[in-house]
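Worksheet for the structure shown next.
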Protein chains: 2
Amino acid sequence: MSQSARTSRSADYFPEPASPTTVRIIPLGGVEEVGRNMIAVEVGATGDILVFDAGFQFVSEDTAPGVDYILPNTKYLEKNAGRVKGVIITHGHLDHIGGIPFMMPRFGTPPIYTQKLTSVMIQKRQEEYPDVPASEMVIVEVGQSVTIGSTRVKFFPVTHSIPDSMGCSVETPQGNVVISGDLKLDHEDGIPSEREIKTWGEIGKDNNIFLVADSTNAEKDGFSIPESRVIQTLEDIIRTVSGRLIIGTFASQFERMIHIMEAAEKFGKKIVLEGRSIKTNLEIAEKTGLLKVNKEAFIQAQDLGNYPPDKVVILSTGAQGEEFAGLMRIATRQHKHITLNDRDTIVLSSSVIPGNEIAVQKLKDNLYRHNITLIHYRSSDVHSTGHGNTGELVWINKQVHPNFFMPGYGYRSMTTCHAKAVEQSGFPRENIIIADNGTVIDIEEGTRLNVHKQRIPSSPMVVDGFTIGDMQEVVIRDRQSLAKDGMFVIIASVNLKTGKLRKSPDIISRGFVYLRESQSLLNEGRLLIKKTIEDSTRNMNPIDLDYVKNNLTDVMAGFLFSRTNKAPMVIPVLIGM
Amino acid sequence: MSQSARTSRSADYFPEPASPTTVRIIPLGGVEEVGRNMIAVEVGATGDILVFDAGFQFVSEDTAPGVDYILPNTKYLEKNAGRVKGVIITHGHLDHIGGIPFMMPRFGTPPIYTQKLTSVMIQKRQEEYPDVPASEMVIVEVGQSVTIGSTRVKFFPVTHSIPDSMGCSVETPQGNVVISGDLKLDHEDGIPSEREIKTWGEIGKDNNIFLVADSTNAEKDGFSIPESRVIQTLEDIIRTVSGRLIIGTFASQFERMIHIMEAAEKFGKKIVLEGRSIKTNLEIAEKTGLLKVNKEAFIQAQDLGNYPPDKVVILSTGAQGEEFAGLMRIATRQHKHITLNDRDTIVLSSSVIPGNEIAVQKLKDNLYRHNITLIHYRSSDVHSTGHGNTGELVWINKQVHPNFFMPGYGYRSMTTCHAKAVEQSGFPRENIIIADNGTVIDIEEGTRLNVHKQRIPSSPMVVDGFTIGDMQEVVIRDRQSLAKDGMFVIIASVNLKTGKLRKSPDIISRGFVYLRESQSLLNEGRLLIKKTIEDSTRNMNPIDLDYVKNNLTDVMAGFLFSRTNKAPMVIPVLIGM
């Protein structure tokens with residue numbers, strides 16, 4: 001059986017440093033979810049800890065209302081900060097870089113090793129947090145090896161939806177640990193391209209003791225649609241559509257965005273950019289020399305009227321239905337210069353990120369109100385994922401042929417399917433580890449597996465306003481309760497001698513019922529408050545306001561629930577006088 | 001151009017009754033969303049208003065926290081209650097029956113006309129609302145015509161995922177109005193079955209002036225997977241799986257549930273039922289004679305140990321990842337008698353309802369932790385929708401060949417795609433109406449279309465605890481704000497002569513920050529409250545507490561935001577003494 005779910009959670013397990021013949025791998029985040037990716041590799045021979053990626057995860061309002069992001073738990077790194085020699089970032093997506101400003105200072109702000117484009121994206125983000133110390137940035141190139149601390153790390157190119165994506169191989173005396181980063185394969189009908197064969201062939205020559213690979217798409221079999229087909233489809237659309245064309249995508253689809261601009265220029269069409277993140281990424285693409293489109297190809301939205309509709313391509317953010325992004329503003333007639341009509345074609349060049357379904361439905365509905373033509377990924381090959389299916393993943397696994405394998409990056413359903421596929425391809429079941437966040441995996445002398453029984457601290461940390469720390473269940477529960485039923489504050493001045501109220505109590509309520517239509521409820525409530533307090537204090541000497549408060553809370557919660565079927569948070573404020 | 005989006009919202013437009021040669025159709029709900037289906041047909045010749053379906057819609061916590069359900073706006077029916085002669089229910093799903101206990105009393109609790117199974121489901125639901133008057137129930141059969149008020153209505157069978165689903169045809173002197181209800185076609189490789197050809201051929205012989213048809217699946221082309229193939233696939237799985245089999249579905253998949261039980265019995269397997277709604281529906285199926293399975297085929301979960309694993313089929317609720325339903329309890333080891341292991345096979349015989357993606361992911365993750373084998377609708381034909389694709393919809397449209405057509409039941413993206421498909425099949429564009437909820441559509445003398453410029457009141461009504469009424473934006477906004485940032489209540493006793501505080505102010509906060517770790521923030525806050533109040537009241541005579549309150553709110557909101565990046569609801573309570 002593959003090693004899985006055998007470890008127990010611990011709030012304070014911090015194992016001794018790995019022995020000289022041990023290589024230790026700890027997934028700190030990203031193996032129980034899509035997002036907050038972070039993997040620590042500890043080389044016993046050098047004592048170095050290297051960290052791969054520092055991402056965050058978006059969180060749904062249902063699960064954790066008010067929380068901005070979820071982060072990996074970094075306590076282990078904090079405890080061992082002196083040995084953390086560097087953070088290697090595989091590529092520039094937020095699930096790999098988003099946590100940098102929040103997490104790095106917690107373990108000594110070690111230097112970051114990454115490629116050019118990624119470094120620019122990290123720096124751009126860092127500008128939003130001017131008070132946070134920035135790491136030293138070491139720009140690396142694929143094909144290169146770098147010594148971090150006393151450990152050699154080799155970088156190699158991988159295919160993903162953003163340029164400068166790379167995989168890493170950590171060299172240890174016992175053999176290499178290969179971290180794939182996010183990736184798919186460049187292929188034609190399931191035959192990997194020359195470049196892939198060369199890259200992975202090289203990696204395969206090493207003595208690889210451990211592989212972590214991307215599981216995001218491991219619930220799908222076969223090979224994913226190659227990006228080249230998507231680019232071709234989009235080119236065909238750009239070339240042939242007779243009316244105005246609006247392409248919605250997300251800014252993180254960096255490579256595709258560039259191809260769309262190049263195609264537009266090629267067919268003599270002007271390009272309008274809508275949305276801050278697309279403009280930011282265009283700047284980054286220019287700065288890093290990735291964009292080869294003539295400046296004159298770009299026009300402003302207010303100049304659209306000067307060109308025939310079939311001579312412009314509008315590239316917009318907001319394909320996930322984001323409320324204030326370009327596409328939604330266009331769809332809801334809030335855009336100053338772009339009004340839709342039934343000769344417009346809109347391409348949603350993206351899939352729907354789980355959790356965004358309702359927002360995307362709203363976007364589509366608003367678009368269709370203009371009787372436009374909509375092309376989306378279900379009707380045409382206008383989107384492909386950046387993550388390989390099992391056909392690709394198994395091929396990669398065979399090239400690397402590691403001693404041990406851990407499916408990384410993904411929900412448990414994905415890592416399990418990845419494990420099953422690799423196992424079915426002939427990989428020994430007992431050498432596959434399906435890990436939880438915080439699982440400590442020791443490879444002894446390159447050949448023996450030792451999964452620690454306890455996990456290091458792995459409960460998620462959250463960014464909640466300026467607060468970065470443990471998820472506070474009590475705060476989250478209160479928010480959920482307030483969201484559902486609101487609150488009901490009672491203010492009463494109690495004469496501490498007589499137990500009588502000085503005047504009718506005040507009530508402050510929000511989010512409970514519509515007060516304007518609830519006057520009789522409030523009036524009855526006031527009477528009941530008065531009666532409850534005066535009954536509770538009768539013959540009480542001295543008057544114990546805490547007792548009265550508890551009693552009042554119970555009585556009023558019961559009253560309000562019986563009358564409204566809602567359970568607002570009842571907060572009594574009794575002022576003794 | 002198809003008539004669409006040309007009408008304007010109105011809070012109080014109530015048109016005069018339809019003239020004797022007018023037939024009026026008003027979609028009250030369900031043409032801008034999936035759910036809360038309700039269509040009014042007003043026959044000018046008789047003055048009767050007939051209502052088709054009375055559904056509710058589930059609502060996401062993000063959009064309207066704390067709201068239980070959304071309902072169609074019934075103000076038009078309330079205004080014309082005397083003329084509402086009956087409510088016809090096409091089938092027993094909640095988006096067609098869920099609003100009955102909430103809405104019917106608002107317009108006079110008219111009689112309900114429906115088939116046997118649907119009537120039992122309505123009555124079962126009504127039992128949960130014992131204080132609500134129930135409608136008289138008239139059981140009808142397909143093939144039958146009934147006079148409701150002075151209007152004849154004909155019922156015909158349609159194919160859907162629950163037995164006793166029907167379409168309706170309202171006979172008027174100008175011609176018939178056909179309401180499809182939810183439906184798909186029974187077909188083989190795109191060839192409709194004999195029964196469908198006969199049913200729709202009969203309907204096609206009438207002079208049909210208007211058709212409303214189901215748009216739920218109109219974004220998909222071709223023909224949907226026939227349920228017979230799903231049944232066959234499930235039968236094959238039941239027959240061949242060698243370990244224990246657990247099938248998750250939703251209870252509304254009534255027909256499939258029955259087929260699964262019959263197949264289990266056929267292959268000599270015992271059936272365990274998990275989940276209240278499945279048990280309820282089994283009772284209903286027995287009561288209405290739909291279930292032909294021997295009682296002895298059923299066993300209790302605690303007796304599972306008495307049978308070999310391959311001799312039992314567990315049928316469970318919770319395929320949508322519902323937190324407390326059978327499947328989730330099994331997956332999270334909370335079930336007393338069912339513990340999963342790696343020889344179990346689990347079938348999720350359902351698609352994922354939009355909005356449930358995150359819950360279903362959690363379910364899958366928990367299931368995979370047991371290393372089970374999972375079969376779902378993306379990997380195998382274990383689910384089919386109850387709603388036809390455009391191939392089916394166009395075929396139905398051609399059979400009915402109405403003068404005018406309105407795509408019903410669905411989000412705008414669906415109704416628009418339905419309209420486009422029907423138009424492409426040769427239907428005159430100008431005779432298609434893409435309506436909003438509340439659009440008033442008059443057919444004059446059966447041949448002329450008159451869409452009113454104004455819509456009747458159509459803003460959604462909500463069920464929020466015991467309250468049924470307009471959606472109160474202010475309450476919803478407060479809930480959203482409380483969910484995100486919590487609240488911060490300040491209580492201070494102010495000496496009305498000196499403006500000084502009697503003692504350090506009290507603070508009650510919930511859902512904002514973790515108070516135990518925020519003592520310095522609270523201490524600073526108290527000092528600032530004291531200072532703000534005392535500064536505001538200096539030289540003020542008499543002291544205006546409202547002014548002080550406003551000032552205090554502003555100062556404290558600013559302070560808290562600058563310190564935490566959160567914006568809790570600040571509520572000052574100042575007691576003058």
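What you see is a predicted model, and the numbers here were worked out from it, not measured in a lab. Within every chain, numbering begins at 1; the chains are lettered A, B, ... in the order of the sequence lines, protein sequences first and strands thereafter.
- Looking at B:S60, only its side chain comes within 4.5 Å of chain A, counting heavy atoms on both sides.
- Scored by the salt bridge (charged side-chain N to carboxylate O under 4.0 Å, His left out) test, B:K484 finds no partners at all (sequence neighbours excluded).
- When each of A:M577, A:K420, A:Q480 is scored by its heavy-atom pairs under 4.5 Å with chain B, the top score falls to A:K420.
- For A:E33, no part sits under 4.5 Å from any heavy atom of chain B, backbone or side chain.
- Note on B:E32 versus B:R412: no salt bridge recorded, every NZ/NE/NH1/NH2 to OD/OE distance being 4.0 Å or above.
- Contact annotation for B:R516: neither backbone nor side-chain heavy atoms come within less than 4.5 Å of a heavy atom of chain A.
- The contact list for residues 566-573 of chain A toward chain B, using heavy atoms and a distance under 4.5 Å, reads A:K566, A:M569, A:I571, A:V573 by residue number.
- Ion pairing between a basic and an acidic side chain is recognised when a charged N comes within 4.0 Å of a carboxylate O; A:R369 and B:D436 show such pairing.
- Atom CD1 in A:I346 sits 4.5 Å away from atom CG in A:L367 (nearest 0.5 Å).
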Criterion ring-ring contact (aromatic ring centres under 6.0 Å, His included) on A:Y411 and B:Y368, from CA distance to verdict:
CA-CA 10 Å; A:Y411 284 100; B:Y368 269 123; over 10 Å; no
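- Going from atom CD1 of A:I434 over to atom OG1 of A:T415 covers 5.5 Å, rounded to the nearest 0.5 Å.
- Side-chain atoms of A:I476 and A:P65, non-hydrogen and from C-beta on, do get closer than 4.5 Å to each other.
- Using a 4.5 Å cut-off on side-chain heavy atoms (C-beta onward), A:H370 and A:N341 make no contact.
- The residue among A:T467, A:I575, A:D485 with the most heavy atom pairs within less than 4.5 Å of chain B is A:I575.
- Residue contact with chain B, scored on non-hydrogen atoms closer than 4.5 Å, involves the side chain of A:R502 exclusively.
- For the set B:S509, B:S481, B:A483, the count of heavy-atom pairs under 4.5 angstrom toward chain A peaks at B:A483.
- Interface summary for chain A: among B:K362, B:K220, B:E219, the most heavy-atom pairs under 4.5 angstrom belong to B:E219.
- Heavy-atom distances place no part of B:L560 under 4.5 Å from chain A, backbone and side chain included.
- Residues B:L574 and B:D546 fail the side-chain proximity criterion, which asks for heavy atoms closer than 4.5 Å.
- Between chain B and the residues A:R563, A:M487, A:R510, A:H376, the most heavy-atom pairs under 4.5 angstrom are made by A:R510.
- With rounding to the nearest 0.5 Å, the separation of CG in A:N366 from CG in A:L327 is 11.0 Å.
- Between B:V360 and A:P354 the shortest side-chain heavy-atom distance does not fall below 4.5 Å.
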